[in-house]
Structures are given as C-alpha cells and as structure tokens.
Undergrad: 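There's a structure below that I have some questions on.
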Amino acid sequence: MATDVVAQLADSLAKTQVTEGELSYKGQGRKFDNAKAEMVKEIQEFKGLQALRLEGNTYGVEAAQAIAKALETKSEFKYCYWSDMFTGRLRSEIPPALNSLGAALMTAGARLTVLDLSDNAFGPDGVKGIEKLLKSTACHTLQELRLNNCGMGIGGGKILAAALTECYKQSSAQGTPLELKVFIAGRNRLENDGATALAQAFQLMGSLEEVHVPQNGINHPGVTALATAMQHNPQLRVLNLNDNTFTKKGAIAMAQALKHLRSVQVINFGDCLVRSEGAIAIAEAVTEGLPILKELNLSFGEITGEAALLVAQSVEGKATLEKLDLNGNCLGEEGCDALREVMDGLNMGDLLGALSRPKQVDGDVFNLLFFSFQVDVADAGKTAEAFLKISSVYNEEDEEVKSAVLDSIDAILRKAFASPSFQGYDFVSSLLVMLGLLKSEDKVKPVRVVPGHLQVLEYVVRQDYFPQDHIAVLEAFMSHSARNILKSTLEQVRPEN
C-alpha cells in the first residue's frame, strides 16, 4: 500500500553516512528570525565544513542571509541537509532565503554531492529559488537531489527539468557531465506535464540509480515518458512510482523499459492500477531479465487471479528476491490460495507479502473503493471529495462493504494527516461546504447527504489520526439534523477545553 512507499522513502532519505566535517542543528525545533551570532560564528569557525544540517528548525530571510554569509568561504562544502526548514514561514519568504544560500555556495566554489530540500512545501516559486544554484558549477558534481513533498506542481517540475538540463549541458561542455544518481520528488503534484519534462532531463543524463516519484498524479502519458527515459539509465537500481495511475498503456510501456535494464533491484508499482494486461507484460519482463531483482510491488493494481499467478511464476529462479507484494488485487479466496500454492511450489512462500481481505467487492462498489488508492492527499479539497464519494456506499448491514469502506477511509486520512503539508482545516471546511453546512464563495454545489456520510464521519473522529482540535470545528458548523446523529460522539472525543 501507499504506506510502504513512506517507509521506503524514509529509508532512502536516511542513507547519509557523512559525519566528518559535519555541523548539525537537526531537529532542535528552533525559530531563527534574525541572525544568531552564536550559530553564525560556529559555521564560520568550523574548519573543513563539508555538511550542514539545518532540518527541523525554521529560518527567516535574515537568518538565511546570515548563514549564507558564513558559508561563502566554505570551499569544501558538499552536503546540504536542508529539509523541513521553513515551517510556518510565508511562501514569499522562501525564494529569497534559498537564493541567498545558493549564491553563497556559488561564491564559495563549493561542489555539492547532496542537496536535500524535502518537506519544505515551497511550490514552484521555491524551485525558482534554487534554479541558479542548480545551473551553476556548484551542482556539476551533484549526485543526490531530494525534493520530496515540496508541492512543486507542474510549473515547478518544468523549471526543475530545465535547470537540470542546463546543468548537464554546461558540465558536459567542461568535460565533467552531471552524473545525478538519486532523484526523489514524491508528493509534488507533477502530473503528466511535469513528469514528461523531467523525463527528458533523465534521458539526457543517463546516470540515475534511484528514482522516487510516488503520489504525483501521473497518468499513462507521463508514465510512458518516464519509461522511455529509464531505458537510457542502465545503472537504475530502484524505481518507485507508487500511487500514480499507469493503466494498461503505462504499465506495458514500463514493462518494455524494464527489458532494457539489468541492474534493477526494487520495483514499486503499488497503487498504480497496472491492471491484468499490464501485470502480464511486467511478468514477461521479469521472466526475461532483471537477474538481481529483490522487491516487486504490484499491490492494489486491479490484477485478476490468473495474471497474478503469471507474476508469481515470473520470479522463479530469482535468487536475490526478498519480497513479492500482490496484496489488494482482485484475487478472491481461491485466487489467494492458488497464489500461495505457486509460491510454495517455488520454495518462495515466505517471500510473498500478506494477502489481506481476499473477498472481492463487486461492481461499482469495488471501483469506488479502488478509487481511494488514487487520491492525491496533498489536495485537501480532493481528499474531502474522496471521503464523501467512498463513504456514500457505507452499509451498516453489509460487513464486507462496511469494512472495505472504513479501511479505505483510514488509508486516505491516515496518509493525509501524516503529511506535514496537509491542510487539515481546509479539509474540514471543504467537507462542510460539500455537505451544505457551510457557504462558499466558489458556489460549490452540495452533495446529497446520505447516512453513510455521517456514519463514517462519526467513525473517523474517534480515530487516533484525526486531530482533536478539528472536532470542535466540525461540531460548531453541524446543522441541527446532522448534530442529532453526531453530537454524542463529538462531545465524547473532543478536547476538554
């Protein structure tokens, strides 16, 4: 499921081994509005500074400028660990802060290896703030670029792609072409246009070893563009497109790309709607190649039992395989049993991931629940729409449907509220507007309220992922009729104050 990608990203983001020459202010939760003389002095006096960890604090423009001034003499500098450093700042503050820091690195003559600006939610304007840096000689040596959860959007993706392309061309002209190895940009709403632009840069570089672009709203045109680009990156080891939408066209294109790659170890196409035809094509690619494959994730892809068996058979002889994930597909109890039997017959039964809830939900209900795995939780409005759409089929009398609906809602909201950039109050207000309990200037047409909406909402406010301070907001805006249903629950779980 999508939670797997979070763990995978966390693991990848944690692969930083540098300790020598490192100065860290990581996770101190401090607020730097102005220049802190002590901090600036520490940076200035640190001999041979190679790495600076600023993550887990918040820096204003003046503070960033002061830090930048201290970095201007650090010619040995290589590692920027600058994720989550603008919490609570205005969007307009971030570009000048990044410009100052980037300019300092260029002045110092630094040659970067790692640039990590994840979890800063700076949007396309933030990408503009690092555009000059990315094009400069400071990034000719860049090996890892980490921009997870930055809200770049299509515009930011295009700016980033153009900057990387320019960096590659300039570095190539100097005889040392850019050899970016790790690219991480999950949860950025790149969509097809942003992904296609980046794919062109990836194809040009040809040096990538890890690509992580989960949860970006990419459909088959963007997936196809990325597939073409991956063929030109022969050292690719990890390919993570979790929670995008391949469909048959995208999956077949990606399968063709995999036939050209021999170094791939991890494939994460979970929550990607590869469908049976796509799964069969991928199984063929696995059978024909991928000799050192370790992990294959095709979970929640609307794959039938017959296609899943072909996927299982394709891993025969893969001595390095550690996990095959086919959970959440259209297998049924018999399909799950057959899948386990095939894997046991290959002496690989322990490598098959869990197969939960094997029973199928038929027809429209299944399609509605599968929709939950395609939701862009970075958008509070779309998350509210998904909540209402899924909860509308809730049926207290049908245990199978009831359980499936609640599981889907849990998956969406747990993922949403776990994201630092998710606007919880926007989600609540969107929900109230769509339920007709709150007026909107956008003239949003309310949905027809059905019992499932309120029954699932009653369930949600009891869950540990739902913020307590949001409960009072819900109660304040509930109409009299709705409050009759929800009042007791809201009063029970809201904060005492």
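Not measured: the values here are computed from a predicted model.
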Undergrad: Do the side chains of Ile159 and Lys128 get nearer than 4.5 Å, heavy atoms only?
TA: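 When only atoms from C-beta onward are counted, Ile159 and Lys128 do touch, with a gap below 4.5 Å.
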Undergrad: So which atom in Leu226 and which in Ala195 form the shortest heavy-atom distance, rounded to 0.1 Å?
TA: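 Residues Leu226 and Ala195, closest heavy atoms: CD2-O, 3.9 Å.
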Undergrad: Under a 4.0 Å N-O cut-off, is there an ion pair linking Asp33 with Arg89?
TA: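 Between Arg89 and Asp33 there is a salt bridge, with a charged N closer than 4.0 Å to a carboxylate O.
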Undergrad: Does the side chain of Ser83 pick up a donor-acceptor pair with the side chain of Arg146 at under 3.5 Å?
TA: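 No, because no side-chain N or O of Ser83 sits under 3.5 Å from a partner of the opposite role on Arg146.
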Undergrad: Please find the pair of heavy atoms, one from Val428 and one from His470, that lie closest to each other, and give the distance.
TA: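 Looking at all heavy atoms of both residues, the shortest contact is CG2-CD2, 3.8 Å.
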Undergrad: For this output row, return yes or no: ring centroids of Phe86 and Phe122 closer than 6.0 angstrom.
TA: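 No - the distance between ring centres of Phe86 and Phe122 does not fall below the 6.0 Å cut-off.
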Undergrad: I'd like to know if the side chain of Asn188 reaches the main chain of Leu147, judged simply by a donor and an acceptor atom lying under 3.5 Å from each other, with no hydrogens or angles considered.
TA: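 Between the backbone of Leu147 and the side chain of Asn188 there is a qualifying donor-acceptor contact (under 3.5 Å).
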Undergrad: Is it the case that the side chain of Asn329 and the backbone of Leu331 share a donor-acceptor pair, with hydrogens and angles ignored and the cut-off at 3.5 Å?
TA: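 Not confirmed, Asn329 side chain does not pair with Leu331 backbone.
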Undergrad: Taking it one step at a time, do Lys181 and Glu210 satisfy salt bridge (Lys or Arg N to Asp or Glu O under 4.0 Å)?
TA: CA-CA 6 Å; Lys181 295 180 179 179; Glu210 292 189 29; over 6 Å; no
Undergrad: Looking at Ile218, is its backbone amide N or carbonyl O close enough to the side chain of Asn216 to form a donor-acceptor pair, meaning the two atoms are under 3.5 Å apart?
TA: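 No, because the side chain of Asn216 does not come within donor-acceptor range (under 3.5 Å) of the backbone of Ile218.
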Undergrad: Can you classify the ring geometry of Phe246 versus Phe269 as parallel (below 30°), tilted (30 to 60°) or perpendicular (above 60°)?
TA: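 Tilted: the ring planes of Phe246 and Phe269 meet at 30° to 60°.
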Undergrad: Nearest 0.5 Å, what's the SG-CG distance between Cys139 and Leu164?
TA: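 It is 8.5 Å, given to the nearest 0.5 Å.
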Undergrad: Side chains of Arg187 and Gln215 only: does a donor on one sit below 3.5 Å from an acceptor on the other?
TA: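 A donor-acceptor contact under 3.5 Å links the two side chains.
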Undergrad: Checking side chain to side chain donor-acceptor pair (under 3.5 Å) between His212 and each of Asn148, Asn242, Asn268, Asn240, which is the one that passes?
TA: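 The residue from Asn148, Asn242, Asn268, Asn240 that satisfies side chain to side chain donor-acceptor pair (under 3.5 Å) with His212 turns out to be Asn240.
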Undergrad: Under 6.0 Å from the CD atom of Glu396, do we count more than 12 heavy atoms belonging to anything else shown?
TA: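 Counting neighbours around CD of Glu396, more than 12 heavy atoms of other residues, nucleotides or ligands fall under 6.0 Å, so yes.
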Undergrad: Can you classify the ring geometry of Phe32 versus Tyr59 as parallel (below 30°), tilted (30 to 60°) or perpendicular (above 60°)?
TA: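 Parallel.
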Undergrad: Determine the minimum heavy-atom distance between Cys167 and Leu134, stating which atoms define it.
TA: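 In this case the closest contact between Cys167 and Leu134 is CB-O, 3.1 Å.
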Undergrad: Out of curiosity, Gln423 CD to Ser429 OG, how far, rounded to the nearest 0.5 Å?
TA: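 Answer for the CD-OG pair, Gln423 versus Ser429, is 10.0 Å.
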Undergrad: If you take all heavy atoms of Cys150 and Ser118, which pair is closest and at what distance?
TA: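 Residues Cys150 and Ser118, closest heavy atoms: SG-CA, 4.0 Å.
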Undergrad: Quiz question: by atom type and distance under 3.5 Å, do the side chains of Thr304 and Ser276 form a donor-acceptor pair?
TA: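 Side-chain D/A pair, Thr304 to Ser276: present.
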Undergrad: Say whether, by atom type as modelled, one donor and one acceptor occur between the side chain of Asn233 and the main chain of Leu236 under 3.5 angstrom.
TA: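 The answer is no, because no donor-acceptor pair under 3.5 Å joins these two groups.
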Undergrad: Does NZ or CZ of Arg53 lie under 6.0 Å from the centre of the six-membered ring of Tyr81, at an angle within 45° of the ring axis?
TA: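 Yes, Arg53 and Tyr81 form such a contact.
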Undergrad: Given salt bridge (Lys or Arg N to Asp or Glu O under 4.0 Å), test Arg275 with Glu302 step by step and report yes or no.
TA: CA-CA 5 Å; Arg275 295 199 170 123; Glu302 208 172 75; 3.0 Å; yes
Undergrad: Using modelled atom types only, decide if a donor and an acceptor are shared between the side chain of His453 and the backbone of Leu388 within a distance under 3.5 Å.
TA: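 Yes, because the side chain of His453 sits within donor-acceptor range (under 3.5 Å) of the backbone of Leu388.
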Undergrad: Should the ring pair Phe183 and Phe202 be called parallel, tilted or perpendicular, given that the plane angle runs from 0 to 90° and is split at 30 and 60?
TA: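 Rings of Phe183 and Phe202: perpendicular, as their planes differ by over 60°.
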Undergrad: For residues Asp243 and Cys272, report the shortest heavy-atom separation together with the two atoms involved.
TA: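 The answer is N-SG, 3.7 Å.
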Undergrad: Find the distance between CD1 (Ile303) and CD1 (Ile280) and round it off to the nearest 0.5 Å.
TA: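 Answer rounded to 0.5 Å: 9.5 Å.
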Undergrad: Under the side-chain hydrogen bond (donor to acceptor under 3.5 Å, both in side chains) rule, collect the residues that match up with Arg189, sequence neighbours excluded.
TA: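 None.
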Undergrad: Does atom CD of Gln463 have more than 12 heavy-atom neighbours, drawn from other residues, nucleotides or ligands, at distances under 6.0 Å?
TA: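 Atom CD in Gln463 is crowded, with more than 12 foreign heavy atoms closer than 6.0 Å.
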Undergrad: Give the minimum heavy-atom separation between Pro95 and Asp125, together with the two atoms involved.
TA: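 That would be CG-O, 3.5 Å.
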Undergrad: In terms of side-chain geometry, is the basic nitrogen of Glu166 or Lys135 positioned less than 4.0 Å from the acidic oxygen of its partner?
TA: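 No, this pair does not count.
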